[in-house]
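Accompanying notes for the structure given below.
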2 protein chains.
Amino acid sequence: MRDVAAAAGVSLKTVSRVVNNEPGVTGAVRERVQAAAERLDYRHNLAASNLRRSGSRTGVIGVLVQDVANSYSAGLLRALEDAMRVHDVMLVAGSLDETTARERAMVTNLISRRVDGLVIVPASPRQDYLEPEIRAGLPIIFADRAPRGIDTDSVIVDNALGAYQAVDHLLARGHRRIAVLTDSASIATADERVRGARAAFAKHGLELPGDLLVRGHADQQGAAATVHRLRELPDPPTAIFAGRNAISKGTLQALAERGERESVAVVGFDDFPMADLLQVTVIRQDVAKLGALVAARLLERIAGDTTPPIRIVLPPTLIPRGSGEIPPPAA
Amino acid sequence: MRDVAAAAGVSLKTVSRVVNNEPGVTGAVRERVQAAAERLDYRHNLAASNLRRSGSRTGVIGVLVQDVANSYSAGLLRALEDAMRVHDVMLVAGSLDETTARERAMVTNLISRRVDGLVIVPASPRQDYLEPEIRAGLPIIFADRAPRGIDTDSVIVDNALGAYQAVDHLLARGHRRIAVLTDSASIATADERVRGARAAFAKHGLELPGDLLVRGHADQQGAAATVHRLRELPDPPTAIFAGRNAISKGTLQALAERGERESVAVVGFDDFPMADLLQVTVIRQDVAKLGALVAARLLERIAGDTTPPIRIVLPPTLIPRGSGEIPPPAA
DNA sequence: TTGAAAGCGGTACCAT
DNA sequence: ATGGTACCGCTTTCAA
């Protein structure tokens with residue numbers, strides 16, 4: 001910038017004015033500066049610029065999701081991007097893979113980068129470590145999962161309700177041997193889904209069969225293995241509630257391998273690509289809406305809103321597509 | 001930082017040493033400084049830090065893809081993230097949606113943020129506007145699509161070969177009325193795929209039926225509409241080569257609606273989630289490998305490598321899953 | 001309308 | 001082992 005000033009024969013400040021499109025510069029001078037900048041391949045340095053600027057914003061927010069390659073996370077990312085773009089805010093994204101350490105590390109990193117805000121789909125059991133940041137006024141919104149140990153804005157999905165809907169849907173069609181497959185019990189969301197499933201059984205005066213509740217599925221392969229095992233039981237499940245994206249896929253894979261796609265009912269939590277073509281009944285969370293709400297709240301916070309934290313809970317929807325409407329085999 | 005220094009009763013420089021884990025500080029002093037930093041909720045400012053640092057790196061790279069919500073883009077993003085994480089580099093990601101303007105805007109923005117490097121899946125027809133940056137030594141790697149009007153590192157997929165494989169696969173099974181559906185002709189990749197398709201016909205001494213080559217599909221719905229239209233022709237296609245992810249989906253959707261999933265052959269370019277369960281034959285690009293190669297090259301460049309640009313071309317693979325092996329109806 | 005000087009949060013260099 | 005001071009690239013404040 002100094003070079004540009006010298007080349008244009010003006011002061012530093014004038015160049016700064018031109019670069020930032022500030023008033024107070026004659027047309028002629030402005031053009032001379034722009035020409036010099038062009039000639040010297042000058043590139044404005046935003047970091048330095050923000051350093052001195054008063055209520056400076058970096059124009060970047062941090063977004064920590066489970067896995068950017070997962071369709072749900074990717075959809076959330078995209079919704080956030082679209083909402084933030086109109087405000088000229090970019091996203092730095094990170095995949096947590098359900099690891100607490102990574103969440104902590106990335107949050108620390110993002111904070112040292114002075115992001116304008118944080119969107120977190122938490123992987124850690126508690127987030128009280130964020131207390132100082134909140135107090136310092138850093139806008140943080142939790143998405144998809146509620147924060148623990150701290151009071152912050154959050155936009156989440158009613159997991160228990162979704163699971164309730166799914167299992168109730170199956171019970172209403174006569175199923176009793178319903179398997180419930182979820183991910184690691186350390187993930188709060190999984191617990192809520194189990195709770196919802198139990199509630200559905202309770203409503204019908206029944207209980208979730210203990211041998212059919214299997215937790216701790218890390219990936220598609222694990223879920224597939226479980227389905228194979230359960231279907232070999234003397235009294236196998238006639239329906240399966242898959243508590244997550246990847247688990248649904250593993251379930252379908254296993255059933256396809258066994259040639260049981262048409263005979264075993266399946267309802268999955270989370271919609272996923274091609275689920276419609278595969279005729280899979282799912283509990284859909286409206287990611288676009290979730291993202292939009294998160295972005296809106298974040299923008300308000302960034303704009304200076306200091307009202308008490310808000311919790312928004314979105315109801316999921318059951319989308320019947322066939323797999324969840326398969327009746328139990330005639331007794 | 002000044003406050004921390006005051007609180008700990010040491011100089012600024014000493015605090016700096018402690019924060020950066022530099023040697024030359026006694027254990028006692030170090031602890032005193034850390035305690036003060038903790039107490040004051042001190043947060044290191046990376047932007048300011050990098051300002052003075054010599055060969056400073058920001059630890060951020062920009063990644064511009066088509067659409068972060070698209071499984072292919074998301075997979076690339078994830079592969080890059082994994083490779084860069086071990087070097088403590090974060091990703092700021094953006095979706096271009098095939099718009100030239102957005103590409104330019106985001107590149108400009110990222111440069112003013114002084115990213116350490118750029119990974120671009122170009123949406124613009126030419127990228128010579130990047131010439132000054134390249135000259136200035138900014139590492140830029142093109143992924144998936146070759147750069148135009150500029151000589152830079154690139155890791156791309158052999159699109160013509162993939163299309164050739166797909167169409168040859170169908171021709172070998174007796175199909176002659178093969179529809180070729182691609183996206184906008186302004187996208188170089190699409191052209192190459194058409195070229196590959198023509199080459200396959202040529203090999204068999206045939207020509208691609210002009211009425212069955214349909215370009216310009218923007219999304220799944222458009223592709224579905226085209227399939228419906230083509231199948232209503234007096235001499236409809238017996239096989240379809242879908243030139244992209246979304247087009248494959250639209251094709252499957254339309255065929256499913258028509259109850260023709262079992263009778264019309266389909267080969268798609270790009271693998272996609274659940275394609276295996278849907279038994280769709282595809283031309284697979286190894287995104288993980290692509291991402292790993294891109295990351296490796298980028299890291300070399302960031303480390304100071306100034307050798308001439310490298311072009312890597314990955315061969316895609318045909319994955320037969322059923323849909324591409326459907327024979328034409330007996331004449 | 002334009003410029004000079006101070007300072008943002010930190011690091012480099014050289015003393016002490 | 002620690003501190004002083006210049007300085008990174010730019011904006012702010014205030015004077016010209």
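Just so we're on the same page: letters track the sequence lines, and every chain starts at 1. For clarity, every value in this text was computed on a predicted model and none was experimentally measured. Values reported hereafter were calculated over all heavy atoms of this structure, with side chains retained and with hydrogens, waters and symmetry mates removed.
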A:Arg53 CZ to D:dT12 P, in whole Å, measures 6 Å
Output the single nucleotide from C:dG3, D:dG9, C:dG10 whose closest atom is nearest the side chain of B:Arg52.
-> C:dG10
Closest to side chain of A:Arg2, choosing from D:dG9, D:dC10, C:dG10 | D:dG9
Please state how far atom CZ in B:Arg30 lies from atom C1' in D:dA1, giving the value in whole angstrom units.
-> 11 Å
Using a cut-off of less than 4.0 Å, is there contact between a side-chain N or O of B:Ser16 and OP1 or OP2 of C:dG10?
-> no
Given that A:Gly9 and B:Lys13 both sit by DNA chain C, which one's nearest nucleotide is further toward the 5' end?
-> A:Gly9
From D:dT12, D:dG4, C:dG10, pick the nucleotide closest to the side chain of B:Met1?
-> C:dG10
Can you find a donor-acceptor N/O pair under 3.5 angstrom joining the side chain of A:Arg17 to the base of C:dG3?
-> yes
Would you mind reading off the distance between B:Asn50 atom CG and D:dC8 atom P, rounded to a whole angstrom?
-> 15 Å
Report which part of the nucleic acid A:Val29 touches: base, sugar-phosphate, or nothing (heavy-atom distance under 4.0 Å, all strands).
-> sugar-phosphate
CZ (A:Arg2) with more than 12 external heavy atoms under 6.0 Å = no
Kindly indicate whether the side chain of B:Ile156, heavy atoms from C-beta on, has any atom under 4.5 Å from the side chain of B:Phe142.
-> no
Tell me whether the OP1 or OP2 atom of D:dA1 has a side-chain N or O from B:Thr26 closer than 4.0 Å.
-> no
Could you give the CD-to-P distance, from A:Glu22 to D:dC10, as a whole number of Å?
-> 14 Å
Can you see which heavy atom on A:Leu290 is nearest to which on A:Val155, and at what distance?
-> CD1-O, 3.2 Å
To the side chain of A:Thr14, which of D:dT2, C:dT11, C:dG3 is closest?
-> C:dG3
Among D:dG9, D:dG4, C:dT11, which is the nearest nucleotide to the side chain of B:Ser11?
-> D:dG4
Does CD belonging to A:Glu131 count more than 12 external heavy atoms closer than 6.0 Å?
-> yes
